[in-house]
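All remarks here apply to the structure that follows.
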Amino acid sequence: DSADLSAMQRSFYDESRYMVNDKLVGIVGSLRYPSYEQGLRACLDQELREVPPSSGVVSRLLGPVKDGLARLRRTMAKDQARPLRVALVDNGSLKPEATLSLRRLAAALEKEANTQGVSLCVEAVPARFADRIPATELEGCATEILPGWLKRIAADEPGRKVVCLPLLIGPSHTVTKTMPAAGRAVPDLDVEIAPPLVCLCPAMMPRSDFGTAEVAGMLVDRLAALGEGAPQQCAEGANGRPVSVLLCDHGSPTAIVASAREAVRVDLQHRLGCKVSGCCMERREGPDYDFNGPLLEDALMTLPEGTSAAIALLFLQEGRHAGPGGDIAGIVADVMGKRPDLTIQTTQVLAGHPALIQLLLRRIEKAVPLRLFP
């Protein structure tokens, strides 16, 4: 922030854009040096060829380089001898079940990674709130939230590489703001941040890795458990009743998060072969937030008479919103009281589905250095 930069220079770094050279490669066919590492190495090789050996310049240049490489190798060997530390991060909740669920998922993730020969140490680290839950409600073990956890790791193992792995559907503020801020507060750590489960950024990964197919596939399985997942059952349910499938998420003030739900909705609709409508549990009022779609309550209340509704929950864990006694259950109960002609079923959350573990493991591989976050 204190660097002496022009307005144009500062705007360049503020935007922190990803550059994709697909168009250039499409024109020229191929690049002599496809990556900057290869280009820099070629520059150094060219300079060394142009310097006479008797000048002593080569040894003065290569001496520090060799020393630096040796130190890097020692550091890498040390890091490879110990498991990668991963913080599995959710938004955080005051409900104990959310933190306990996060712990179960972290343990399952670590176990599966080790089964695949990948050495990970995965801990459940809520972003906020959960540190207020008494230890007695968390099986005797209080939890740390992300800022405190990072500071502890920095004090115990300075210089350690840490990956913050978001247990989130889209790039919410927890990913784009909370995690980077917590990481910058501990400069003694090498912090990387993995993408959310649904990442629609072609600069980071190919379309096949966006995560929409995996999440939609999990939702198909959850719907099938209700008896509404098979495509032939979508147009007409039991006893000839019309069926409506609603994809419901929490709702967000950020359009890019809503776009993640929309991408999942399109994929889910294609897989089911029938219309899937998007809606949200809650949202801010006003046209500026219409990208969230209608509220769940409004979407249910406007269904045709006698409809059998299946709500596909785009929620990862049970807590204050999803699960028994949560906000979603309350909304459904209220609507049923006003519309007894409806039949409404709600899917389970996505936690516990085996495909979720595999998607999280792939997201660790795509973690981005903290310095790339604006």
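Applying the side-chain hydrogen bond (donor to acceptor under 3.5 Å, both in side chains) rule to pairs touching residues 259-270 yields Asp249-Arg261, Glu262-Arg265, Arg265-Gln269, Asp267-Arg271, sequence neighbours excluded. Note on residues 316-350: pairs passing ring pair (Phe, Tyr, Trp, His ring centres under 6.0 Å), not counting sequence neighbours, are His250-His321. The ring pair (Phe, Tyr, Trp, His ring centres under 6.0 Å) analysis of residues 121-175, with sequence neighbours excluded, yields no pairs. For residues 185-203, every residue pair satisfying the salt bridge (Lys or Arg N to Asp or Glu O under 4.0 Å) rule, not counting sequence neighbours, is listed here: Lys161-Glu192. For residues 100-110, the pairs satisfying side-chain hydrogen bond (donor to acceptor under 3.5 Å, both in side chains) are Glu97-Arg104, Ser101-Gln317, with sequence neighbours left out. Evaluation of the side-chain hydrogen bond (donor to acceptor under 3.5 Å, both in side chains) test over residues 207-216, restricted to residues two or more places apart or in two chains, returns Glu214-Arg362.
Residues Phe373 and Pro180 come closest through the heavy atom pair CD2-CG, 3.7 Å. Scanning both residues, Val175 and Gly170, for their nearest heavy atoms gives CG2-O, 4.2 Å. Closest heavy-atom contact between Pro195 and Pro166: O-CG, 3.6 Å. When all heavy atoms of Val243 and Thr307 are compared, the pair lying nearest together is C-CG2, 4.3 Å. Minimum interatomic distance between Ala127 and Pro147 (heavy atoms only, all atoms of both residues): O-CD, 4.1 Å. Closest heavy-atom contact between Thr99 and Ala130: OG1-CB, 3.5 Å.
Under the 3.5 Å distance criterion, the side-chain polar atoms of Asp156 are left unmatched by any main-chain donor or acceptor of Ile153. Without hydrogens or angle criteria, Ser252 side chain to Thr254 main chain gives a donor-acceptor distance under 3.5 Å. Without hydrogens or angle criteria, Arg128 side chain to Asn91 main chain gives a donor-acceptor distance under 3.5 Å. In terms of modelled atom types and a separation under 3.5 Å, the side chain of Arg363 and the main chain of Pro196 share a donor-acceptor contact. Between the side chain of Ser93 and the main chain of Lys95, a donor-acceptor pair closer than 3.5 Å is present.
Linking Ile, Leu, Val, Met, Phe, Trp and Tyr whenever their side-chain heavy atoms come within less than 4.5 Å leaves Val266 and Met218 in two separate clusters. When hydrophobic clusters are built by joining Ile, Leu, Val, Met, Phe, Trp and Tyr residues whose side-chain heavy atoms come closer than 4.5 Å, directly or via intermediates, Val257 is not grouped with Phe291. Under the 4.5 Å side-chain heavy-atom criterion for Ile, Leu, Val, Met, Phe, Trp and Tyr, Ile357 and Leu316 are members of the same hydrophobic cluster. Neither Val122 nor Ile145 shares a network with the other; the hydrophobic side chains, linked directly or stepwise wherever heavy atoms of I, L, V, M, F, W or Y lie under 4.5 Å apart, form separate groups for each. Grouping the Ile, Leu, Val, Met, Phe, Trp and Tyr side chains by contacts below 4.5 angstrom, directly or via other members, places Val118 with Leu360.
Applying the ring-ring contact (aromatic ring centres under 6.0 Å, His included) test to His353 and every residue at least two apart in sequence or in another chain returns nothing. Judged as a side chain to side chain donor-acceptor pair (under 3.5 Å), and not counting sequence neighbours, Lys111 has no contacts. Listed by chain and number, the residues in a side-chain contact (heavy atoms from CB on, under 4.5 Å) with Asp341 are Glu305, Arg339 (sequence neighbours excluded). By the side chain to side chain donor-acceptor pair (under 3.5 Å) test, Gln116 is found to be paired with Glu112, Gln358, residues two or more places apart in sequence or in another chain being considered.
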I would like to know whether Glu318 and Gln348 meet side-chain contact (heavy atoms from CB on, under 4.5 Å); could you show each step before the answer? CA-CA 9 Å; Glu318 293 184 352; Gln348 295 180 5; over 6 Å; no

Could you please spell out the steps behind the side-chain contact (heavy atoms from CB on, under 4.5 Å) verdict for Glu144 and Asp131? CA-CA 6 Å; Glu144 295 174 292; Asp131 56 336; over 6 Å; no

For side-chain contact (heavy atoms from CB on, under 4.5 Å), just list the numbers for Leu120 and Ile364, CA-CA rounded to whole Å, side-chain angles, deciding distance to a tenth of an Å, and then say yes or no. CA-CA 10 Å; Leu120 298 182; Ile364 294 175; 3.7 Å; yes

List the steps and the verdict of side-chain contact (heavy atoms from CB on, under 4.5 Å) for Arg283 and Leu295. CA-CA 7 Å; Arg283 51 163 286 187; Leu295 290 169; 3.6 Å; yes

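Here the straight-line distance linking atom OG of Ser119 with atom CG of Asn114 works out to 6.0 Å at 0.5 Å rounding. Ser244 contributes atom OG, which lies 7.5 Å from atom NZ of Lys275 (distance to the nearest 0.5 angstrom). We find the CZ-CD distance between Arg152 and Glu157 to be 9.0 Å, quoted to the nearest 0.5 Å. Distance OG1/Thr174 to CG/Asp90: 8.5 Å, rounded to 0.5 Å. Here the straight-line distance linking atom SG of Cys201 with atom NZ of Lys366 works out to 11.0 Å at 0.5 Å rounding. Separating the CG atom in Leu314 from the CG atom in Leu247 is a distance of 5.0 Å, to the nearest 0.5 Å.
Few gaps surround CG on Leu94; more than 12 heavy atoms of other groups in view lie less than 6.0 Å from it. In the displayed structure, Arg320 atom CZ is contacted under 6.0 Å by at most 12 heavy atoms of other residues, nucleotides or ligands.
Through chains of ILVMFWY side-chain contacts below 4.5 Å, Val332 is grouped with Leu246, Met281, Leu296, Leu300, Met301, Leu303, Ile311, Leu313, Phe315, Ile328, Ile331, Val335, Met336, Leu342, Ile344, Val349. Chaining together hydrophobic side chains whose heavy atoms lie under 4.5 Å apart places Leu100 alongside Ile133, Leu138.
Residues Thr143 and Pro126 form a side-chain contact, since some pair of their non-hydrogen atoms from C-beta on lies under 4.5 Å apart.
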